[in-house]
Q: 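What follows is a structure written as structure tokens; I'll ask about it next.
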2 protein chains.
Amino acid sequence: MRLRLKLYQQTILYGLSLAALALLLRWLEFRLLILNHSFEIYAGIIAVIFTLLGIWLALKLSRPKIETKIIERPLIVNSTAFIFNKTFAQQLGLSKREIEVLQLMAKGLSNQEIADQLFVSLNTIKTHSSRLFEKLEVKRRTQAIEMAKKHALIP
Amino acid sequence: MRLRLKLYQQTILYGLSLAALALLLRWLEFRLLILNHSFEIYAGIIAVIFTLLGIWLALKLSRPKIETKIIERPLIVNSTAFIFNKTFAQQLGLSKREIEVLQLMAKGLSNQEIADQLFVSLNTIKTHSSRLFEKLEVKRRTQAIEMAKKHALIP
DNA sequence: ATCTCCTTCATACTTTTGGGTGATTTTGTA
DNA sequence: TACAAAATCACCCAAAAGTATGAAGGAGAT
């Protein structure tokens, strides 16, 4: 709505300036024709003025690019009860299994132990943990634990 | 350097288009003067063309406006202040160095990174961590971190 | 002085972890 | 049903972590 109004104003302004220029030229025609100014001079003047107008218009109307910046605002929680940070997990796109693996990891289990506990193979756990590290943007399980603790993915 | 080159090119392009327009107008003057087109028509054409040129120029040359959009994301923080459990550390007979190593471990650092940070060799850190694991009665660093968290040796 | 503990470092070896690739099956959803 | 994501597993290789053992210098206690 606001943009529309602005556009409207611009249009009026543009029209007015066109009209003013036409008047100016007509006046010039009367006053200075005797001096035998060639048509090219007028054309040049118009060209320059409207180029400037175009530049001004473009700068006024061009939309700014939007750059998103994420700020982490500390949210102080006083309760001892652990509340799983679902939002963060979703934002990172962590799957159920990956979260399970992460939580067992944080308990200090080895990959083999996690595999046994979840009744899957060691290789599977390795795949899960690799993806986990990618998503958390970490390199080691200890870093993953740090991250998870910080963002309330684990108690 | 590059911008200067670009500006140079733009200038040439601009000059050429001006010249082309002059020629075009001269030709129109010859061909269509009989039809008694008024000066305003020409002026209008020039105005429109050069407005567009101005817009194009501005868009080409101006830096894109950047508008930052800030998104705040809550980061859950436990308000309980951390108090190091001196008693427990003494009970287990942990040395200063071992506690240091343990705390860096919990931050997610690798042995090599800990060694660099403490200005000692990798082997030294291995020895420290081995002792640490013995005293904490754990087998892996992740378990050590769990233990340390549980007993308030680390935040 | 002697002893103990801490700290430092080395070498050799084993286990665990992690990266990369590829493949198959299951499952949820359009 | 068809498609995408999730879950499963295998194999190979490299890096990191962990174990065992030995050794040497320094600080503090007896």
Side-chain angles (χ1 to χ4, degrees), chain A residues 84-151 153-154, chain B residues 84-151 153-154:
Chain A
F84 180 75
N85 190 347
K86 216 174 181 175
T87 321
F88 188 71
Q90 280 180 344
Q91 275 180 353
L92 296 186
L94 301 183
S95 73
K96 274 186 199 173
R97 221 36 169 174
E98 284 161 0
I99 292 171
E100 278 185 293
V101 170
L102 176 58
Q103 286 169 344
L104 293 177
M105 232 176 224
K107 280 189 185 174
L109 301 199
S110 71
N111 284 340
Q112 186 60 62
E113 287 167 343
I114 297 173
D116 293 344
Q117 189 135 347
L118 299 180
F119 302 106
V120 295
S121 89
L122 174 61
N123 287 310
T124 306
I125 300 304
K126 283 190 181 185
T127 325
H128 284 317
S129 53
S130 274
R131 290 186 182 279
L132 201 49
F133 298 156
E134 273 178 38
K135 291 180 183 175
L136 294 176
E137 292 173 33
V138 298
K139 286 183 183 168
R140 280 178 287 283
R141 50 176 53 220
T142 46
Q143 287 182 339
I145 293 172
E146 247 293 273
M147 184 113 242
K149 238 198 304 175
K150 195 168 134 193
H151 290 98
L153 297 179
I154 56 170
Chain B
F84 181 75
N85 190 348
K86 216 171 182 176
T87 323
F88 187 72
Q90 281 179 345
Q91 275 179 354
L92 296 185
L94 300 183
S95 73
K96 273 185 199 172
R97 223 35 171 172
E98 284 160 0
I99 292 171
E100 277 185 295
V101 170
L102 175 58
Q103 288 170 343
L104 292 177
M105 235 177 223
K107 281 190 184 173
L109 301 199
S110 70
N111 283 340
Q112 186 59 64
E113 288 167 342
I114 297 173
D116 293 344
Q117 189 135 349
L118 299 180
F119 302 103
V120 295
S121 88
L122 174 61
N123 287 311
T124 305
I125 300 302
K126 284 190 179 186
T127 318
H128 284 317
S129 55
S130 276
R131 292 241 146 88
L132 202 48
F133 298 155
E134 274 177 40
K135 291 181 183 175
L136 293 175
E137 292 172 36
V138 298
K139 285 180 184 170
R140 280 176 288 283
R141 54 176 50 217
T142 47
Q143 287 182 338
I145 293 171
E146 245 296 81
M147 184 113 247
K149 233 199 309 176
K150 200 165 128 191
H151 291 96
L153 298 178
I154 56 169

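Below, each value reflects all heavy atoms present in this structure, side chains not excepted, and no hydrogens, waters or symmetry copies. Protein chains get the first letters and strands the later ones, always in sequence-line order, with residue 1 at the start of each.
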Q: Among D:dT8, D:dA6, C:dC6, which is the nearest nucleotide to the side chain of A:Arg97?
A: D:dT8

Q: Return yes when atom NZ of A:Lys107 has more than 12 non-hydrogen atoms of other residues, nucleotides or ligands closer than 6.0 Å, and no otherwise.
A: no

Q: So, is A:Ser110 near the phosphate of C:dT16, with a side-chain N or O under 4.0 Å from OP1 or OP2?
A: no

Q: Tell me if the CZ atom of A:Arg131 is crowded by more than 12 foreign heavy atoms within 6.0 Å.
A: no

Q: Is A:Thr127 touching bases, backbone alone, or none of the nucleic acid, heavy atoms closer than 4.0 Å?
A: base

Q: Output the single nucleotide from C:dT16, D:dT19, C:dT7 whose closest atom is nearest the side chain of B:Phe133.
A: D:dT19

Q: Rounded to the nearest angstrom, tell me the gap between atom NZ in B:Lys96 and atom P in D:dA27.
A: 13 Å

Q: Could you tell me how far apart A:Gln143 (CD) and D:dA17 (P) are, to the nearest whole angstrom?
A: 10 Å

Q: So with a 6.0 Å cut-off around NZ of B:Lys135, is the heavy-atom count from everything else above 12?
A: yes

Q: Nearest to the side chain of A:Arg140, which nucleotide is it out of C:dT8, C:dT17, D:dA17?
A: D:dA17

Q: Which of these nucleotides, D:dA16, D:dT19, C:dT16, is closest to any side-chain atom of B:Lys126?
A: D:dT19

Q: Can you tell me the distance, in whole Å, between the CD atom of A:Glu134 and the P atom of C:dT17?
A: 19 Å

Q: Roughly how many Å is it from CG in B:Asn123 to P in C:dC9, rounded to a whole number?
A: 9 Å

Q: For B:Ile114 and D:dA17, give me the distance from atom CD1 to atom P, rounded to whole Å.
A: 8 Å

Q: Let me know the distance between CD1 of B:Ile125 and C1' of C:dC9, rounded to the nearest Å.
A: 11 Å

Q: Answer yes or no: does a side-chain N or O of A:His128 lie under 4.0 Å from OP1 or OP2 of D:dT8?
A: yes

Q: Could you check how far CD1 of A:Ile99 sits from C1' of D:dA5, rounded to whole Å?
A: 15 Å

Q: Say whether A:Thr124 and A:Thr127, considering side chains only, have a donor N or O and an acceptor N or O under 3.5 Å apart.
A: no

Q: Which part of the nucleic acid, if any, lies within reach of B:Thr124 when heavy atoms closer than 4.0 Å are counted: base, sugar-phosphate only, or nothing?
A: base

Q: Rounded to whole Å, how long is the line connecting atom CG of B:Leu122 with atom C1' of C:dT11?
A: 13 Å

Q: Classify A:Arg131 by what it touches in the nucleic acid, base, sugar-phosphate, or nothing, heavy-atom distance under 4.0 Å.
A: nothing

Q: Does a side-chain N or O from A:Ser95 land closer than 4.0 Å to OP1 or OP2 of D:dA7, or not?
A: yes

Q: Nearest to the B:Asn111 side chain among C:dT7, D:dA17, C:dT11, which nucleotide is it?
A: D:dA17

Q: Among D:dT8, C:dT17, D:dA10, which nucleotide sits nearest the side chain of A:Ser121?
A: D:dA10

Q: Determine, for B:Glu113 against A:Lys139, whether the closest basic-nitrogen to carboxylate-oxygen distance falls under 4.0 angstrom.
A: no

